[in-house]
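In what follows, a structure is listed as structure tokens, so that the remarks can point back to it.
Computation of the quantities below employed the complete heavy-atom set of this structure, encompassing side-chain atoms and omitting hydrogens, waters and symmetry-equivalent molecules. Values in this document were obtained by computation on a predicted structure and should not be read as measured data. In what follows, chains are A, B, ... by sequence order, proteins preceding strands, each numbered from 1.
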Amino acid sequence: MNNFKTIYLREIKSYFNTPMAYIFLVVFALVNSYFFTLWFFPSNQSDMRSLFSIVPLAYLFFIPAISMSLIAREINSGTIELVSTLPIKDVEFVVGKYLSSVTLIAIGLGLTLVHFFTLVNVGSNIDYGAVFCGYLGLLLVGSVYCAIGVFASSISDNQVVAFIVSVFVVLAFFLMDKMLIFMPQGLVGIMEYISIDYHLSNISRGVIDTRNIIYFGSLIGFFIFLSLRTFDLRRWS
Amino acid sequence: MVKDRKSIFVYTAIVFVSLIVLNIISRDVFYRLDLTDNQQYSLSSSTKSVVKNIDDLLSIKLYFSENLPPEEANTKRYVQDLLEEYVAISKGKIQIEYFSADDDEKLQNEAVSAGIQPYQSQILENDKMEIRIVFMGLSMLYNDKKEAIPILSRNISLEYELTKRLKKLTSQGKSKIVLAKVGQQELGVQNLTQILSEVHEVNQVNLADGINENVDLAFVMDVADSLSVEEMSALAIFVEGGGKLVVGQGRINASISSFQAEPIRSNLFDLLGSWGINIQENMVLDRKCGAVTVPQQQMFGGFIPVTVNKQVNYPFLPIVESFDKDQPVVSDLEQIILLYPSEVVENDSTTFSLFSSSDNTAVMKEFYNLHFDPESNPILNQLSEEGRSLATVSTISAGGDPQIITVGSSKFFTDDLGAGGANANGAFVLNAVDYLLGDSELIALRSRSVTSRPLLELDKSEKAWWKWMNMLLPMMLVILLAVYKYRSESRRSTNLQDRFE
């Protein structure tokens, strides 16, 4: 537990000791703010759907960018060999790094509370349950994308490769829902269930469903598991 | 750590399959927590049981136009979200297809032939509002049966409308309702027949011929004379055999056109009395009332007499707003209107009041003057008594199911005023039927509609302020954090420098 905490805090510090976190947060906030204000007032509706529809799109590139270096940098610089000699379990190492990226995403989402504050001030009949669930859904989607990012980062020592792999996998999950019309009828139900957007839209309307939570949990668990297994593979190669 | 390379893949495959199994199980065994206000995505148990009865593929086609105005776009989202809830509990039996019929003539024709009604609306196109023909409806197909909601407006109770139609599509047999005629009675019940026929099988029968035992519910209304022995016997056998009855009957036969009135002498009141329902021989007037149009003489130019029509309040048309909130059949109603109603007395054991007149009531007895002018009719200046019960729900035996709903107005269910004459009266009729037939949950659904959530009215400068605040504040917060971090790091580095120098 101590090792996990050390890795987690070290990674958080490394984000904020370099311009990386600030650049990410500024650009992330700018994109969200721009599209929120663009759609919020013309829609004339007291909800945050304009924000909740843009954040998953912003995630597509931002999360691979913040997660690409998590493990690939350690492999590239050789510190991974050093870490393997220390009494640190692989799971502590991977989960510590993973949670640091999720924390950065949560801070990014925290900045959008400015938009929530606006909604509270200029909206009527606000459905707070739906807003809460919307944020929960965004955090879960961000967590899945971070897990994919960690996995992509673990399979290569090249950060660019990790970024491309991560964008590709994240994009595949994201686009699956949009490609259903091209799918054979028999596959539609399965593909719909696999797509991230389907589960996000379920949660963000204000309903917490164990099926959605299990889906997100499964993806997070699976990609973290795959990251751990790539450590094993590297060890046996 | 895994012991060898091969077992890494085996281990991965096991975890992968386990997660798939977990997800498959979770599709059947799940729990949902609806955090929205009014629990708007929690389908009622009535809906759930209807969806459970679907044993074949039911296809729902949604036809929507793009770029709808905000209110309609909100309705569109609500419709989509609610339908997803139906899909979620249907275990794959309900399938939804979305169509945008804006520029596709073939789709538009298909929509119209499916029962969707195009209508004119203002839509946002190229940054300006334009009047366009839009589609916003849905059709349902189940086996070879079809149903449609022609226009999905925000004023309709969507879950009620959907569930009602699903029930109609999937039920093997409709409930049988009869409108019983007494003697040579001619019932003006076109509106009542129309709204009931949407879900039920409705027929008119002569009460003297008896009511078939497979009839679920009967209406008796506007009786002006005594029932024959056969009619009395048929009604008694039907009710005592468990049949449900809705009665629309006052004690005074009054004509709104001639302002004439006289008490009704009928053995029907004795029969109702034997079931604990006592309709009093009186007429209830209320200051909260509807208006009638009456001709009045006026002098045009000071010397030419002309007749003009004028609307005057008419306390013989009470508008009821006092409903018993403990009775599901009326708990969601806001207003209904009655014509020449009589008081229906409740008792403690088997008959309960559903709604009453206001506390600005007067009760007319023995001598009936229907004039609208307080100068000719002094009782109109004495509307200060407490409210009187105007409708009841009764059970034949204490503790039994509700079996009879009585409204103390003969014209309540007829075309003169009732089911079609006033929308809220129509809602009460449907509630009464659903309640007696055991579908009381459908009643709660009827009052559920899309909640309007517009933004507050803001002037241009306020809007601009909020826009800039939203654009700049998040970035400013990050920049402030960066500056704080930079300064604390600089301080730390200076301290270290000082220490080592």
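Contact of B:Leu481 with chain A is made through backbone and side chain together, with heavy-atom distances under 4.5 Å. Of the atoms belonging to A:Asn32, not a single heavy atom falls under 4.5 Å from chain B. Of the atoms belonging to A:Phe132, it is side-chain heavy atoms, and not backbone ones, that fall under 4.5 Å from chain B. With a threshold of 4.5 angstrom between heavy atoms, A:Phe24 does not approach chain B through any atom at all. For chain B, the nearby part of A:Leu226 is the side chain; its heavy atoms alone come within less than 4.5 Å. With a 4.5 angstrom heavy-atom cutoff, A:Phe36 touches chain B only via side-chain atoms.
Within 6.0 Å of the OH atom in A:Tyr128, the count of heavy atoms belonging to other residues, nucleotides or ligands exceeds 12. B:Trp468 CH2: 12 or fewer foreign heavy atoms inside a 6.0 Å radius.
To the nearest 0.5 Å, the span separating CG on A:Leu38 from CG on B:Asn470 amounts to 12.5 Å. Taking CD1 from B:Ile8 and CZ from A:Phe231, the interatomic distance works out to 12.5 Å, rounded to the nearest 0.5 Å. Rounding to the nearest 0.5 Å gives a distance of 11.0 Å between CG of A:Asn121 and CD of B:Glu462. Atoms CZ and NZ, on A:Phe16 and B:Lys485 in that order, are 8.5 Å from each other to the nearest 0.5 Å. Note: A:Asn202 CG to B:Glu84 CD = 6.5 Å, rounded to the nearest 0.5 Å.
The two residues A:Ser124 and B:Leu456 have their closest heavy-atom pair at CB-CD2, 4.3 Å. Nearest approach of B:Pro474 to A:Leu111, heavy atoms of both residues: O-CD2, 3.8 Å. The shortest non-hydrogen separation linking A:Tyr193 to B:Ser26 is OH-OG, 3.8 Å. The shortest non-hydrogen separation linking B:Leu22 to A:Ser218 is CD2-OG, 4.3 Å. Contact record, B:Leu455 with A:Gly123: CD2-CA, 4.1 Å, taken as the closest heavy-atom pair. Nearest heavy atoms, B:Leu35 versus A:Asp127: O-OD1, 4.1 Å.
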### Query
Between B:Phe9 and A:Leu233, does a side-chain contact (heavy atoms from CB on, under 4.5 Å) hold up when you go through it step by step?
CA-CA 9 Å; B:Phe9 293 105; A:Leu233 268 180; 4.1 Å; yes
### Query
Given the rule in the side-chain contact (heavy atoms from CB on, under 4.5 Å) test, do B:Trp466 and A:Phe40 qualify, once you have shown the distances and angles that lead to the verdict?
CA-CA 11 Å; B:Trp466 281 109; A:Phe40 179 67; over 6 Å; no
### Message
Evaluate B:Asn23 against A:Arg211 for side-chain contact (heavy atoms from CB on, under 4.5 Å), listing each step before the verdict.
### Response
CA-CA 7 Å; B:Asn23 277 268; A:Arg211 285 170 293 187; over 6 Å; no
### Task
I would like to know whether A:Leu30 and B:Met475 meet side-chain contact (heavy atoms from CB on, under 4.5 Å); could you show each step before the answer?
CA-CA 7 Å; A:Leu30 185 68; B:Met475 279 191 301; 3.5 Å; yes
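In summary, the aromatic rings of A:Phe225 and B:Tyr11 are positioned with their centroids under 6.0 Å apart.
Distance alone, capped at 3.5 Å, is enough to place a donor-acceptor pair between the A:Thr210 side chain and the B:Tyr31 backbone.
Partner of A:Thr37 under the side-chain contact (heavy atoms from CB on, under 4.5 Å) criterion, chosen from B:Lys463, B:Met471, B:Met469: B:Met471.
Sorted by first and then second residue, the side-chain hydrogen bond (donor to acceptor under 3.5 Å, both in side chains) pairs with a member in residues 132-145 of chain A read A:Thr112-A:Tyr135; sequence neighbours excluded.
With chain B as partner, the option from A:Pro19, A:Gly217, A:Ala29, A:Ser46 having the largest number of non-hydrogen pairs under 4.5 angstrom is A:Ser46. Between chain A and the residues B:Leu458, B:Leu19, B:Ile479, the most heavy-atom pairs under 4.5 angstrom are made by B:Leu19.
Scanning residues 85-94 of chain B against chain A with a 4.5 Å heavy-atom cutoff picks out B:Glu85, B:Ala88, ordered by number.
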